Amino acid sequence: GGKWTYTGPHGEHHWSKQYPFCGGTFQSPIDIQTQLLSFDPTLRPIELQNYNLSANEQLTLGNNGHSVLLSLPGKMFISNLPHRYSAAQLHLHWGSSHLPVGSEHTVNGRQFAAEMHVVHFNSDNYPNVSMAADKSDGLAVLGVLIEIGEFNSAFDHILKYINGIKYRDDRVQISAFNIRSLLPVRLDEYYRYDGSLTTPPCYPSVLWTLFKSPISISLQQFQALATAIYSSHQQARPPVPMHSNFRTRQSTDSRVVLCSFQR
Ligand SMILES: NS(=O)(=O)c1c(F)c(F)c(S(=O)(=O)CCO)c(N[C@H]2CCc3ccccc32)c1F
Ligand SMILES: [Zn+2]
């Protein structure tokens, strides 16, 4: 991406100067206020196809200076949305080792340690994620809240390679695995709203699905993520650690957040 950052002179309060949508409507993330949720019985359990990738496939794990990204094959898709939404990539947002709160979405003001986003694009209407990114029906992102707790062996498929992508534009090839194992057990309980990319260009093009159940990773796994990664290139001086790569909460305005569950 461009030269935007999360703090300083190119931080989020300056994004809208170069990326006008960042100052617009339908922005993400937001605080999910559970008292204001509207139950929608048409919100069915999320159905995922071809998420169980085999170990002899390879995926690219990379550092783009803003996040840690895992490329995903387009054969993975969500099958019960208004269009087929095919997977493009997943990436993470996290806090810092001193402040282990770094989720983008919050629930009743509670910020979680981290958040994972699985980015999909409308492959019925567009050839790739870049062409879909600025279209109102272009993207569907699955959000997973991450808290500190039990060791997460599924996450270790990614975290064990973290020292190979320390610097901006580092990339490694990793063995694929069952991406479903990164998601919570309950795919039937989620929040749904219309929002945006949480990074520039902030296009209001995202159908957000945020699962109610957080997943857990261990403190050691979190610390590895929070301390291993730099936003700067390997040869850059001084090195710029990457942490707290989350956008602050945006106003919900007149949007109503739907939920797939009662109680
Ligand atoms: N939190 S989020 O889900 O809104 C989100 C990000 F947080 C994020 F960092 C990225 S990015 O590609 O790493 C950085 C510039 O878009 C994307 N990238 C997506 C969106 C647009 C686009 C276009 C081509 C390839 C990937 C992406 C993203 F969708
Ligand atoms: Zn994201």
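Everything quoted here is computed from the prediction, not taken from an experiment. Excluded from the calculations below are hydrogen atoms, water molecules and symmetry mates; all remaining heavy atoms, backbone and side chain alike, are included. Atoms within a ligand are numbered from 1 in the order they appear, just like the ligands themselves.
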Counting heavy atoms only, which of [options] comes nearest to [atom]?
{"atom": "atom 4 (O) of ligand 1", "options": "Thr199, Thr198, Asn64", "answer": "Thr198"}
{"atom": "atom 25 (C) of ligand 1", "options": "Asp134, Val129, Val206, Val141", "answer": "Val129"}
{"atom": "atom 5 (C) of ligand 1", "options": "Met131, His91, His120", "answer": "His91"}

Among pairs that include at least one residue of residues 55-72, which meet salt bridge (Lys or Arg N to Asp or Glu O under 4.0 Å), considering only residues two or more places apart or in two chains?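 Listed by first then second residue: Glu57-Lys75.
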Applying salt bridge (Lys or Arg N to Asp or Glu O under 4.0 Å), which residue pairs with at least one partner in residues 146-158 are found, sequence neighbours left out?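 Output for this query lists Arg110-Glu147.
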Could you tell me, atom by atom, which parts of ligand 1 come under 4.0 Å of a heavy atom of [X]?
{"X": "His117", "value": "1 (N), 3 (O)"}
{"X": "Leu197", "value": "4 (O), 20 (C), 21 (C), 29 (F)"}
{"X": "Glu104", "value": "1 (N)"}

Please lay out, stage by stage, how Tyr191 and Ile30 fare under the test side-chain contact (heavy atoms from CB on, under 4.5 Å). CA-CA 11 Å; Tyr191 312 111; Ile30 59 171; over 6 Å; no
Check whether any N or O atom of Trp4, backbone or side chain, sits under 3.5 Å from an N or O atom of ligand 1, and answer yes or no.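 No; the residue has no nitrogen or oxygen that sits under 3.5 Å from a nitrogen or oxygen of the ligand.
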Geometry only, no angles: is Ser130 polar-contacting ligand 1 at N/O separations under 3.5 Å?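 Among all N and O atoms of Ser130, none is under 3.5 Å from an N or O of ligand 1.
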I'd like to know whether CZ of Phe77 has more than 12 heavy-atom contacts from other residues, nucleotides or ligands below 6.0 angstrom.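 For Phe77, atom CZ is crowded (more than 12 foreign heavy atoms under 6.0 Å).
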Check whether more than 12 heavy atoms from other residues, nucleotides or ligands sit under 6.0 Å from atom CZ of Arg180, and answer yes or no.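 More than 12 within 6.0 Å, yes.
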Please list all pairs passing the ring-ring contact (aromatic ring centres under 6.0 Å, His included) test where one or both residues lie in residues 113-134, with sequence neighbours left out.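 Sorted pair list: His91-His117, His93-His117, His117-Trp208.
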Salt-bridge test for Asp188 and Arg186: reply yes if a basic N is under 4.0 Å from a carboxylate O, no otherwise.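 Yes, charged N to carboxylate O under 4.0 Å.
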Could you tell me whether the side chains of His233 and Asp169 share a donor-acceptor contact shorter than 3.5 Å?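 Result is yes, a qualifying pair exists.
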Relative to ligand 1, is Ala88 under 4.0 angstrom through side chain, backbone, both or neither, heavy atoms considered?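 Answer for Ala88: neither.
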For the Zn ion (ligand 2), every protein N/O/S atom that sits closer than 2.8 Å, waters excluded: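 Only His91 NE2, His93 NE2, His117 ND1 fall inside 2.8 Å of the Zn ion (ligand 2).
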Is the closest heavy atom of Pro200 to ligand 1 under 4.0 Å?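 Pro200: in contact with ligand 1 (<4.0 Å).
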